[in-house]
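Taking it in order: structure first as structure tokens, then the write-up.
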Amino acid sequence: MHYRTLGGDRGPRISAMCLGTLPFGTTVDEPTSFAVLDRFAEAGGTFVDTANHFACWVPGATGDESELLLGRWLRSRRAAGRTVLATKVGARPDPARGAVWPANAEGLGGPAVRAGIEGSLRRLGTDRVDLCYAHLEDRRVPLDETVEALAGLVQDGAVGTLGAGNHRTWRLAEARLIATGRGLPGFRAVQQRHTYLRPRRGLPPDLQGEADEELLDYAAAHPDLTPTGYGTLMGGAYSGADRPLPERYDHPGSVARLRVLAEVAAECGATVNQVVLAWLMGGPVPVVPVLGVSSVAQLDECLAALDLLLDPVQRARLDTA
């Protein structure tokens, strides 16, 4: 395993890959989830990601499942002291707002932020998480209210580091400026959807933010901000013949990138998934991929990307395809 520091030189030491636990306890059963977590830890993985609503959209699920399962694993393996734990608040369904998710998300008002982390700590069976993301933008409340509420979690010792997920770059920058101006802890991590293929041009904004050039330029200029990326392998669409490309990436511009990706993979004796992960981790702005796997075999394929080094020519071909 390789390691880096989260949020600049003041953050915790994290593994270069993060294990996402979105389906654990719902579409991935507990024995399989534990086996994946065990293998990740055995390989030196320390950075684990969950949220306070995973996976509430699965029929019969409540959104408690991922955190509860992860809490059971941490206790059974006595792994809390060697795990950098990330969770998220802001997107959990709030019945008082209505019946349709995500329109009824709890949001990022002060009381919701506080209630969100208290629920997460209870489900995880801990009194502190290392990283808490504000999961979705909430334009219903003033940004300074959100900044102050999140900073309060750090000041109270419930959270170590703050992050933003699915935020536009200008909102991220403005929130960081507010925090700096008030002497408060601010965002030091950002998690966006990020993969090798680029989305179709002209798509309307959605709740899930894409890591675009503006965000990466901002991160390059602010080394105290660590980018993490989810959806990196598009749910298996790079390698699975039975998995069509997501609609946002299914356009003529993807053809050349997929061709070059396959060529580089063949040259390296690697899988296309491994090349995508190596491309993300080894770029000018290194990204921590959040691995969305559902088996030990899938995890082992991803872990092998840690030792894959793309040469400058291969990277240039991938970048310019």
- Query: Any chain of hydrophobic side-chain contacts (each under 4.5 Å) joining Leu299 to Tyr3?
  - Reply: yes

- Query: For the residue pair Ala321 and Ala256, what are the closest heavy atoms and their distance?
  - Reply: CB-O, 4.0 Å

- Query: Any chance CZ of Arg140 has more than 12 other-residue heavy atoms, nucleotides or ligands included, within less than 6.0 Å?
  - Reply: yes

- Message: Rounded at 0.5 Å granularity, tell me how far CD in Glu148 sits from CD in Gln155.
- Response: 9.0 Å

- Out of Thr46, Val288, Leu277, Val290, which one pairs with Met17 under the side-chain contact (heavy atoms from CB on, under 4.5 Å) rule? Leu277

- Task: Check whether the side chains of Tyr249 and Arg257 place a donor and an acceptor atom closer than 3.5 Å, and report yes or no.
- Result: no

- Item | Inter- and intrachain pairs under ring-ring contact (aromatic ring centres under 6.0 Å, His included), touching residues 291-321, at least two apart | none

- Task: Kindly indicate whether the side chain of Glu65, heavy atoms from C-beta on, has any atom under 4.5 Å from the side chain of Val58.
- Result: no

- Query: Taking atom CZ of Arg122 and atom CD of Glu67, what is their separation to the nearest 0.5 Å?
  - Reply: 9.5 Å

- Note on the structure: So CD of Glu263 and CG of Leu258: to nearest 0.5 Å the spacing works out to 11.0 Å

- Task: Determine the minimum heavy-atom distance between Glu145 and Pro111, stating which atoms define it.
- Result: OE2-CD, 4.1 Å

- Message: Using a strict threshold of under 4.0 Å (side-chain N to carboxylate O), is an ion pair present between Asp64 and Arg92?
- Response: yes

- Query: Same cluster or not: are Val113 and Val129 linked, directly or through other Ile, Leu, Val, Met, Phe, Trp or Tyr residues, by side-chain heavy atoms under 4.5 angstrom apart?
  - Reply: yes

- Kindly determine whether Arg72 and Ser76 satisfy side chain to side chain contact (heavy atoms under 4.5 Å, CB included), including the steps that lead there. CA-CA 6 Å; Arg72 291 192 294 272; Ser76 69; 5.9 Å; no

- Shortest non-hydrogen contact from Leu308 to Ala270? CD2-CB, 3.9 Å

- Do Thr87 and Leu121 pass the side chain to side chain contact (heavy atoms under 4.5 Å, CB included) test, and can you show the C-alpha distance, the side-chain angles, and the key distance before you say yes or no? CA-CA 9 Å; Thr87 193; Leu121 295 178; over 6 Å; no

- Task: Let me see the working for Val275 and Tyr196 under side chain to side chain contact (heavy atoms under 4.5 Å, CB included), right down to the final yes or no.
- Result: CA-CA 9 Å; Val275 173; Tyr196 172 62; over 6 Å; no

- Query: Hey, any chance Tyr133 and Val287 share a hydrophobic cluster, counting ILVMFWY side chains that come within less than 4.5 Å of each other, even indirectly?
  - Reply: no

- In sequence, state the C-alpha distance, the side-chain angles, and the governing distance for Met281 and His2, and then conclude on side chain to side chain contact (heavy atoms under 4.5 Å, CB included). CA-CA 10 Å; Met281 292 185 291; His2 306 304; over 6 Å; no

- The single option from Val28, Val48, Leu291 passing side-chain contact (heavy atoms from CB on, under 4.5 Å) against Thr21: Val48

- Should the pair Lys88-Asp49 be classified as a salt bridge under the 4.0 Å nitrogen-to-oxygen rule? yes

- Query: Can you tell me how far the CG atom of Leu131 sits from the CZ atom of Phe47, to the nearest 0.5 Å?
  - Reply: 5.5 Å

- Item | Cluster overlap Val293 with Leu280, hydrophobic side-chain contacts below 4.5 Å | yes

- Spacing of OG belonging to Ser33 relative to CD belonging to Glu30, to within rounding of 0.5 Å: 7.0 Å

- Side-chain heavy-atom pair Phe40, Leu37 within 4.5 angstrom cut-off: no

- Item | Nearest-0.5 Å distance, CG of residue Leu124 to CG of residue Asp127 | 11.0 Å

- Query: In terms of hydrophobic clusters joined by side-chain contacts under 4.5 Å, are Leu233 and Trp279 together?
  - Reply: yes

- Query: Is the shortest side-chain N to carboxylate O distance from Glu174 to Arg171 below 4.0 Å?
  - Reply: no

- Message: On a heavy-atom basis, which atom in Asp138 and which in Gly109 lie closest, and how many Å separate them?
- Response: OD2-N, 4.0 Å

- Check the pair Arg248, Asp250 against salt bridge (Lys or Arg N to Asp or Glu O under 4.0 Å), reporting the backbone distance first and the verdict last. CA-CA 6 Å; Arg248 65 186 300 103; Asp250 189 7; over 6 Å; no

- Between Ile117 and Cys132, which heavy-atom pair has the shortest distance, and what is it? CD1-SG, 4.0 Å

- Between Gln192 and Glu210, what is the shortest heavy-atom contact and its length? NE2-O, 3.8 Å

